[in-house]
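Chain naming here is simple, since letters A, B, ... match the order of the sequence lines and numbering starts at 1 in each. Values in this document were obtained by computation on a predicted structure and should not be read as measured data.
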Protein chains: 2
Amino acid sequence: MAHIERNPVYQQLNNLLRSSLAEDYSRGDRFMTEREISEKYRVSRATANKALASLVSEGLIEFRRGIGTFVRRDVIDYDVRSLVSFTEKAKAAGKKPTTELVTFGEISASEVESAVSEKLQLPDDALLWEMERIRLADRVPVIYEHRYVVKSLCPRLTRAQACGSLYRAWTDLHGLHIAGADEVIRAVLLNTAEARHLQVPARSPGLEVTAVGNVDEQQPLWWERTLYRGDQYEFHTRLGPIQSATPARGVLRLSNEADIQARSASE
Amino acid sequence: MAHIERNPVYQQLNNLLRSSLAEDYSRGDRFMTEREISEKYRVSRATANKALASLVSEGLIEFRRGIGTFVRRDVIDYDVRSLVSFTEKAKAAGKKPTTELVTFGEISASEVESAVSEKLQLPDDALLWEMERIRLADRVPVIYEHRYVVKSLCPRLTRAQACGSLYRAWTDLHGLHIAGADEVIRAVLLNTAEARHLQVPARSPGLEVTAVGNVDEQQPLWWERTLYRGDQYEFHTRLGPIQSATPARGVLRLSNEADIQARSASE
DNA sequence: GTTGACACGGTGGCTTAGCCACCGTACATT
DNA sequence: AATGTACGGTGGCTAAGCCACCGTGTCAAC
């Protein structure tokens, strides 16, 4: 690992280790030692330690003095894949994801709300993909999403791809590296149109998530406003700095028991 | 900073730097250089770098090669204080926080739902504080919370303290170090009783947050089920690993404009 | 046979010394 | 005035080495 690259070695190493972690290890396993990493990747021990320390503060692994470093959680549980991709989230919950494409087209940045084009940091003449989709888990509609995607970053996006996992289209076909997303979560009532799409009664509770997704740490790739069925979806998050800093995870609720209904009906 | 202490030096240094960061620096400032820290705290440069790298992966500061390290955000914006404490959140939003204590008492762990006592990892004979509170920002009710607190960790808690900031009572009076909390966020409809407490129409949308708070990284301190008024509160979060790993932040909405109402009414 | 003291090897924690690529700036050159 | 260049400071990284800690296995004592 010569340091000719543009990015610092410890960042590259970081990604390598995170991949290796996701593929070859699972919760509770003993990870590679600093000295092993140092030798395997031809890096100094200090650099190996720095990369490991980074994974520690992300909550992926933990140090145990005098013993080694150990995997703290199922990494797929944490990976951006499962944070951003509905397809992966559904699979992780043991459900079959499908997509119903409502609309799909092209639009100029000058035509969208200024809030959107500002968040995407685009000039007025930029082009966007616009789409509305309904995501279903085991045939049950869970998400109704309205999304704008910067066309210049994935010009070859097709209608067919929009019917499946955008995450895969971005990563596999366009070679994009999804870094993460900024989300704002609010509680809303679904209006009749939205409720119909999600096959629930009008004025049902839902989560509205407004998000901007980023490529390579800073470059905005998409903007979305997404409605989640309140009885099917919940967000998990961990507050606080050390040892954790685990981002919020949206998860499909495994149980279909209507405890929320029970609560609401208990009035 | 001799290494006689029980905890690793870089962790102590980490806390020192985080404190210094919160007190003496603000967004955009240039932070201390590795060499300055190395000299000031009598630590090797490698250790200084490791501590800084930890702050970087928490999203507090960022490295700029050849220039220095810079503060990325208003630290209070990130600190556990403002993540966990409603009082601090309200102040940060420029609003005056007040509390209405509905109930306050003592209860045995054997009497509460098993879900609660399990999450708090308590034996059956342990004692808990139980309380219901309504939190207001500028006299507007925002939160209705039901909370259980492990009594052994804060035996001197009083009714008067429960009328104010529990966070302050814990940290200042009992010397506890709040490490963070695990939260689950869901969308619900408020039933009549809940809606009355929050002074909104029945069947208004709300966020239900079930959380377990921790002391010193692992020891559970409280369990809570909290209802947030949908029109007054939203959660911000950042997904993905590097450069960020910023936990979810619940924030009071500054604008009272009813854009959610507008959405829901547009059906 | 069981127990316990102790040495050994491996791990992360930490230091020291030093070189490199990068950045801004101040100064000299054109 | 515009351009180029040298310099000092910064984070990135390597190298070699010592320490405290941990588990384990050996071996002596009981």
Listed partners of A:Lys151 passing salt bridge (charged side-chain N to carboxylate O under 4.0 Å, His left out), at least two apart: A:Glu106
Distance check: side-chain N/O of B:Thr47 vs OP1/OP2 of C:dG13, anything under 4.0 Å? no
Partners of B:Glu145 by salt bridge (charged side-chain N to carboxylate O under 4.0 Å, His left out), sequence neighbours excluded? B:Arg133, B:Arg147
Could you work out, with salt bridge (charged side-chain N to carboxylate O under 4.0 Å, His left out) as the rule, every residue matching B:Arg45, not counting sequence neighbours? B:Glu34
Please list, chain by chain and in numerical order, all residues satisfying salt bridge (charged side-chain N to carboxylate O under 4.0 Å, His left out) with B:Asp29, sequence neighbours excluded. none
So which protein nitrogen or oxygen atoms get under 3.5 Å of nucleotides 7-11 of chain D's nitrogens or oxygens?
residue	atom	partner	partner atom	Å
D:dG9	N2	B:Gly66	O	2.9
D:dG11	OP2	B:Glu34	N	3.1
D:dG11	N7	B:Arg35	NH1	3.1
D:dG11	N7	B:Arg45	NH2	3.2
D:dG11	O6	B:Arg35	NH2	3.2

Summary of salt bridge (Lys or Arg N to Asp or Glu O under 4.0 Å) pairs that have at least one residue in residues 167-180 of chain B, sequence neighbours excluded: B:Arg168-B:Asp172
Nearest whole angstrom, please: distance from the C1' of D:dT14 to the CD1 of A:Ile37. 17 Å
